[in-house]
Amino acid sequence: MSVPVKLRILAHGVGLPVPAYQSEEAAGVDLMAAVEDGEAVRLEPGARALVPTGVAIALPPGFEAQVRPRSGLAAKHGVTVLNTPGTIDADYRGEIKVILVNLGQEAFEVMRGARIAQLVVAPVSRAEIIPVDDLGATVRGGRGFGSTGTH
Ligand SMILES: O=c1ccn([C@H]2C[C@H](O)[C@@H](COP(=O)(O)OP(=O)(O)OP(=O)(O)O)O2)c(=O)[nH]1
Ligand SMILES: [Mg+2]
């Protein structure tokens, strides 16, 4: 097994457990809703909300964390992450927030401590930006957006 990337997590004193992998080979660490007791966020159908998680992280340079939906919430309630995958930059030190959207047909309550999304650490390739006058020819050229058909 490769050496794990060090993911430093700062809990903002909200009294929730530190996010953890839920199985031995889970790819994502579940993020919890750090809303106050009795102040659940109510998501009406079609509505979105920026939900606090109570945690901030520090990743080594060369990595990002992606905020991804949980399949259970999507399948059972139509609730997903609007900007999936959300990008947490290695130099971001603010609180991680999750932009949830309710695409279901019923209102959904986001309760304190509910596991609402998952964080996946991924390597980042940074490009050297090279302005040019000519990109060079390819067989595809500018064809796209279904140009090869569907079957
Ligand atoms: O789902 C998300 C996405 C982003 N962020 C935080 C971490 C990230 O490093 C920062 C900026 O995110 P992004 O670059 O996607 O947003 P932006 O609209 O481009 O904001 P900025 O101008 O601050 O980069 O916001 C979250 O907490 N949750
Ligand atoms: Mg940005």
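When a ligand or atom number is given, it counts from 1 through the structure's own listing order. Count residues from 1 along the sequence. As the structure is a computational prediction, the values presented were derived from the model and not from experiment.
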Inter-residue atom distance [X].[atom1] - [Y].[atom2], 0.5 Å rounding:
| X | Y | atom1 | atom2 | value |
| --- | --- | --- | --- | --- |
| L100 | L43 | CG | CG | 6.0 Å |
| L103 | T80 | CG | OG1 | 6.5 Å |
| R140 | T148 | CZ | OG1 | 6.5 Å |

Is at least one protein non-hydrogen atom found at under 4.0 angstrom from atom 20 (O) of ligand 1?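 No, no protein heavy atom sits under 4.0 Å from atom 20 (O) of ligand 1.
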So, applying side chain to side chain contact (heavy atoms under 4.5 Å, CB included) with L31, which one of V98, V81, V51 is it?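 The residue from V98, V81, V51 that satisfies side chain to side chain contact (heavy atoms under 4.5 Å, CB included) with L31 turns out to be V98.
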Can you report which non-hydrogen protein atom sits closest to [atom], along with the distance?
| atom | answer |
| --- | --- |
| atom 28 (N) of ligand 1 | K97 O, 2.7 Å |
| atom 1 (O) of ligand 1 | N83 ND2, 3.1 Å |
| atom 9 (O) of ligand 1 | D89 OD2, 2.5 Å |
| atom 5 (N) of ligand 1 | I88 CD1, 3.6 Å |
| atom 4 (C) of ligand 1 | T87 O, 3.2 Å |

Closer than 4.0 Å to some heavy atom of I96 - which atoms of ligand 1 meet that?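 Near I96, the atoms of ligand 1 are 27 (O).
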Does I99 have a heavy atom less than 4.0 Å from any atom of ligand 1?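 In this structure, I99 fails to qualify as a contact of ligand 1 - no heavy atom is under 4.0 Å.
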Counting only heavy atoms not in R126, do more than 12 sit closer than 6.0 Å to its CZ atom?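 It does not: R126 CZ has 12 such atoms or fewer within range.
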Per-residue contact class, V98 against ligand 1 - non-hydrogen pairs under 4.0 Å: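 Contact part for V98 vs ligand 1: neither.
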Heavy atoms, side chains only, cut-off 4.5 Å: are L119 and P19 in contact?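 A side-chain contact under 4.5 Å is absent here.
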Minimum heavy-atom distance D30-Q22, with the two atoms named: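 In terms of heavy atoms, the two residues are closest at OD2-CG, 3.5 Å.
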